[in-house]
S.K.: 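Okay, handing you the structure first.
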Number of protein chains: 2
Amino acid sequence: MRVRLEDVARAANVSPKTVSRVLNDEANVTEATRQRVRAAMEAMDYRPHPSARSLAGNRSFLVAMLYDNNDNPSSTYLAEIQDGVLEACDAHRYSMMVRPLRMRDGDFIRRFDALISDHHPDGVVLTPPLTDYAPLLKRLRERNVPYASVSPLRKGKTLGVTMDEQQAARAIVDHLLALGHRRIAHVIGIANHGASRWRLAGYREAMAAAGIPEEPELVVQGAFTFASGVAAARQLLSLPTRPTAVFAANDDMATGVMWAAGEYGLKVPQDLSVCGFDDTPLSRQLWPALTTVQQPSREMGRMAAEQLLGELRNHGSGRLVQVPFSLQIRGSTAAVP
Amino acid sequence: MRVRLEDVARAANVSPKTVSRVLNDEANVTEATRQRVRAAMEAMDYRPHPSARSLAGNRSFLVAMLYDNNDNPSSTYLAEIQDGVLEACDAHRYSMMVRPLRMRDGDFIRRFDALISDHHPDGVVLTPPLTDYAPLLKRLRERNVPYASVSPLRKGKTLGVTMDEQQAARAIVDHLLALGHRRIAHVIGIANHGASRWRLAGYREAMAAAGIPEEPELVVQGAFTFASGVAAARQLLSLPTRPTAVFAANDDMATGVMWAAGEYGLKVPQDLSVCGFDDTPLSRQLWPALTTVQQPSREMGRMAAEQLLGELRNHGSGRLVQVPFSLQIRGSTAAVP
DNA sequence: GGCAGGAATGACAGCGCTGTCAATTTGCTA
DNA sequence: TAGCAAATTGACAGCGCTGTCATTCCTGCC
């Protein structure tokens with residue numbers, strides 16, 4: 001029925017253990033033997049039984065991707081990360097499981113423990129905002145589970161992948177400055193997200209570099225949601241002297257800003273320039289299309305998983321790598337009148 | 001270290017096999033014994049080792065969710081389905097894996113075979129358009145892998161979940177008719193999707209019921225994408241006598257229609273009513289917000305998985321269940337001038 | 001009170017692989 | 001060419017559970 005390792009061994013005229021060595025890329029197998037075994041595997045279309053491997057070898061060949069489906073940075077973003085992680089896992093013949101987990105829930109740690117006890121993943125990929133949830137990181141270390149992060153806030157010895165969000169934010173604000181804007185507002189994202197801090201920092205850096213003193217009334221708190229963008233924009237557009245441009249910390253909020261502009265009878269970009277961050281599919285479907293920053297999310301998922309798998313293969317090899325961003329200049333920004 | 005079934009057996013003073021019986025809810029265990037074993041499991045926080053279970057029991061406790069990340073009905077839709085499937089799997093202590101697979105790829109079946117051979121899922125959940133990809137269905141049957149479908153086109157003996165899309169489409173067109181519209185256009189979705197056919201059928205049914213003969217020029221082909229919506233609308237809005245309302249087969253295309261209306265200097269809904277289907281988050285973020293049909297996607301994912309798991313537990317119990325839709329009347333539709 | 005027949009429980013092997021350690025072969029050096 | 005260390009290969013047990021089948025324990029009934 002099913003082809004087993006033993007069958008391959010018989011066909012290649014070696015012991016099962018030697019086939020196992022070839023399967024796991026272990027050392028101390030002559031090239032000739034290795035070839036012979038590989039050929040037999042190929043010929044018989046041998047597929048190792050993952051459960052048997054994991055039972056005997058005490059490893060699961062499983063990577064768990066954790067996300068918070070409550071405080072969650074858009075499902076599109078997560079879907080892309082997930083595709084990337086999956087791609088990397090596939091390439092290394094690992095399997096992947098996904099796991100929504102809510103920071104706000106009281107039993108977060110209990111649920112996390114259950115995940116580990118039930119499935120024994122060899123490693124974990126963290127997505128924002130879980131990347132910086134201290135109780136989780138603590139528990140991961142206690143239970144000695146390797147992990148890699150996508151866009152972590154704190155970049156200590158963490159492995160994973162980041163983008164220079166501050167530089168990206170600065171670049172987009174520089175773009176507004178180049179168009180002649182001076183009264184540029186910023187809508188901040190959820191407070192505990194690294195993304196919010198970096199983007200704010202980039203905004204400040206650009207403004208400072210242009211010699212424009214910060215006006216506290218132009219920097220308002222949002223929460224990464226469309227509704228929070230609307231609320232923030234209403235606050236900004238009710239000011240005695242309105243901003244001529246708004247940089248929202250993500251596309252959903254920028255969309256909210258555009259909506260609110262409509263309420264105030266303002267045309268984008270003629271009366272108000274708006275830009276966002278993330279390049280969600282939505283941003284291209286708006287009218288006008290949104291000027292924003294593109295993050296290579298899928299690639300970031302892939303690279304984070306790649307680092308994790310590297311670390312699993314040989315301890316100490318995992319890094320925190322950085323990927324480049326790109327500005328998407330579209331119709332929602334224009335020169336001041 | 002780890003608590004094993006054997007340890008529980010010793011604590012409860014029964015044989016390992018009896019613990020196994022309790023674990024698997026098998027018959028022929030006295031209630032007293034069952035309680036005692038349960039208590040011991042609880043007290044020791046026993047977690048069965050999934051690999052050992054699956055190796056010995058010849059089942060994987062794994063459900064694979066398949067999707068086409070190429071011809072794909074929006075990532076938000078899929079993310080919701082996925083969350084639903086996951087919820088059901090969790091409740092039944094199954095694990096879930098996700099698998100993108102492209103119908104367009106030449107090696108679709110090879111990849112599918114690899115998935116089955118590598119991971120041995122006990123069952124599979126299919127999402128559109130894979131629900132109706134004949135070669136896949138054929139192979140599933142050949143390999144004797146149980147599956148459940150979300151919104152399958154052909155509803156034979158399939159298990160899974162559907163919504164009465166035709167009724168929903170009819171309802172939304174009835175809404176337009178009630179507003180006084182007579183020249184109502186329809187933008188069709190991708191040809192091989194069941195969704196496209198039902199929605200078109202619903203449109204026709206409503207128009208016929210209102211006694212309005214079909215005008216072929218008012219029914220144009222789209223492809224579920226924003227761009228295709230724009231193209232379709234340009235075609236419609238260039239007609240000598242324009243439609244006063246457009247029903248697009250999904251929200252993305254409806255968004256495209258709204259964009260194109262802008263190009264033609266038409267205001268929505270004053271000059272043109274637009275409605276979609278799906279209730280994507282996008283639909284609420286537009287301005288005006290889109291009148292559309294809400295599908296309970298998450299719930300549909302959960303129910304499809306529920307049917308599959310029921311079928312796995314006892315063969316023949318799986319059904320094709322139907323969920324209700326709800327109309328979301330918002331700002332993009334209004335009475336004819 | 002004895003016995004048939006079904007319910008409850010247990011003994012034991014083995015699922016397909018890998019870890020450990022022993023046996024064998026190879027490649028050097030003297 | 002013997003002798004030794006290192007490289008290569010293999011034998012065997014066992015990972016934690018469940019399937020099969022044997023055994024024991026109850027019932028109810030004549």
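Residue numbers start from 1 in every chain, and the chains themselves are labelled A, B, ... in the order their sequence lines are given, proteins ahead of strands.
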S.K.: Tell me the interatomic distance from E31(A), atom CD, to dT26(C), atom C1', rounded to whole angstroms.
M.R.: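 These atoms are roughly 17 Å apart.
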S.K.: Identify, residue by residue, the members of residues 5-20 of chain B with a heavy atom below 4.0 Å from DNA chain C, and return them in order of residue number, or none.
M.R.: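 Heavy-atom cutoff 4.0 Å gives V14(B), S15(B), K17(B), T18(B).
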S.K.: Select one nucleotide: of dA7(D), dG16(D), dT18(C), the one nearest the side-chain heavy atoms of L23(A).
M.R.: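 So the side chain of L23(A) is nearest to dT18(C).
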S.K.: Under 3.5 Å, is there a donor-acceptor pair between the N24(A) and R53(A) side chains?
M.R.: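 Judged by distance alone, the side chains do pair up.
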S.K.: R93(A) CZ to dC17(C) P: how many Å, rounded?
M.R.: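 To the nearest whole Å, that distance equals 13 Å.
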S.K.: Expressed as a whole number of angstroms, how long is the span from N24(B):CG to dT20(D):C1'?
M.R.: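 One finds 15 Å between C1' of dT20(D) and CG of N24(B), rounded.
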S.K.: Would you call the rings of H49(A) and H120(B) parallel, tilted or perpendicular if under 30° counts as parallel and over 60° as perpendicular?
M.R.: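 Answer is parallel, since the angle falls under 30°.
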S.K.: Of the listed nucleotides (dG16(C), dT9(C), dG16(D)), which one gets closest to any side-chain atom of H49(B)?
M.R.: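 It is dG16(D).
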S.K.: If you check the R2(A) side chain, which of dT18(D), dG16(C), dT9(D) turns out closest?
M.R.: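 Nearest to the side chain of R2(A) among the choices is dG16(C).
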S.K.: Give a yes-or-no answer on whether the side chains of Q35(A) and E31(A) include a donor-acceptor pair shorter than 3.5 Å.
M.R.: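 Q35(A) vs E31(A): donor-acceptor pair found between side chains.
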S.K.: Is a salt bridge present between E6(A) and R10(A), judged by a nitrogen-to-oxygen distance below 4.0 Å?
M.R.: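 Yes, charged N to carboxylate O under 4.0 Å.
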S.K.: Sort me out a list of protein N/O and nucleotides 22-26 of chain D N/O pairs below 3.5 Å, or just none if empty.
M.R.:
none

S.K.: Could you state the CG-P distance from N58(B) to dC15(C), rounded to the nearest angstrom?
M.R.: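 Result: 11 Å.
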S.K.: What does S51(A) touch in the nucleic acid at a heavy-atom separation under 4.0 angstrom: a base, only the sugar-phosphate, or nothing?
M.R.: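 If one applies the 4.0 Å heavy-atom cut-off, S51(A) turns out to touch nothing in the nucleic acid.
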S.K.: State whether D90(B) and R99(A) are salt-bridged, where the test is any N-O pair (Lys NZ or Arg NE/NH1/NH2 against Asp/Glu carboxylate O) under 4.0 Å.
M.R.: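 Yes, this pair counts.
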S.K.: Between Y46(B) (OH) and dC17(D) (P), how many Å, whole number?
M.R.: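 In whole Å, dC17(D) P and Y46(B) OH are 3 Å from each other.
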S.K.: Got a sec, which pairs hit ring-ring contact (aromatic ring centres under 6.0 Å, His included) with one end in residues 17-40 of chain B, sequence neighbours left out?
M.R.: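 Sorted result for residues 17-40 of chain B: empty, none.
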S.K.: Is it true that E42(B) and R38(B) make a salt bridge, defined as a side-chain N closer than 4.0 Å to a carboxylate O?
M.R.: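 Salt bridge flag = no for R38(B) with E42(B).
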S.K.: Calculate the interatomic distance between E26(B) atom CD and dT9(C) atom P; express it in whole Å.
M.R.: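 My rounded result for the distance is 13 Å.
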S.K.: Within a radius of less than 6.0 Å around CG of N13(A), do more than 12 heavy atoms belonging to other residues, nucleotides or ligands occur?
M.R.: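 Not more than 12 within 6.0 Å, no.
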S.K.: May I have the distance from R4(A) (atom CZ) to dT18(C) (atom P), rounded to whole angstrom?
M.R.: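 Taking atom P of dT18(C) as the reference, CZ of R4(A) is at 14 Å.
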S.K.: Nearest-Å distance, CG (N28(A)) to P (dT24(C))?
M.R.: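 Spelled out: CG on N28(A) to P on dT24(C) is 18 Å.
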S.K.: Counting only heavy atoms not in D107(A), do more than 12 sit closer than 6.0 Å to its CG atom?
M.R.: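 Check passes, neighbour count above 12.
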S.K.: Between T30(A) and dT9(D), is there a side-chain N or O to OP1/OP2 distance below 4.0 Å?
M.R.: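 So the side-chain polar atoms of T30(A) do come within 4.0 Å of the phosphate oxygens OP1 or OP2 of dT9(D), strictly under.
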S.K.: For a quick test of reading the model: is some side-chain N or O of T33(B) closer than 4.0 Å to OP1 or OP2 of dA8(C)?
M.R.: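 So the side chain of T33(B) is outside the cut-off, no N or O lying under 4.0 Å from OP1 or OP2 of dA8(C).
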S.K.: Quick one: bend of the helix from dG1(C)-dC30(D) to dA30(C)-dT1(D) from 5 pairs per end, to 10°?
M.R.: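 Roughly 40° between the end axes, to the nearest 10°.
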S.K.: Could you work out, with salt bridge (Lys or Arg N to Asp or Glu O under 4.0 Å) as the rule, every residue matching E299(B), not counting sequence neighbours?
M.R.: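 If we apply the salt bridge (Lys or Arg N to Asp or Glu O under 4.0 Å) test to E299(B), skipping adjacent residues, the hits are R302(B).
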S.K.: Any donor-acceptor pair under 3.5 Å linking the side-chain atoms of R141(B) with those of Y147(B)?
M.R.: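 There is such a pair (donor and acceptor under 3.5 Å, judged by atom type) between the side chains of Y147(B) and R141(B).
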S.K.: According to salt bridge (Lys or Arg N to Asp or Glu O under 4.0 Å), who are the partners of R143(A), at least two apart in sequence or on a separate chain?
M.R.: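 Only D113(A) meet the salt bridge (Lys or Arg N to Asp or Glu O under 4.0 Å) criterion with R143(A).
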S.K.: Among the nucleotides dG16(C), dC17(D), dA7(D), which one has an atom lying closest to any side-chain atom of R53(B)?
M.R.: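 Nearest listed nucleotide: dC17(D).
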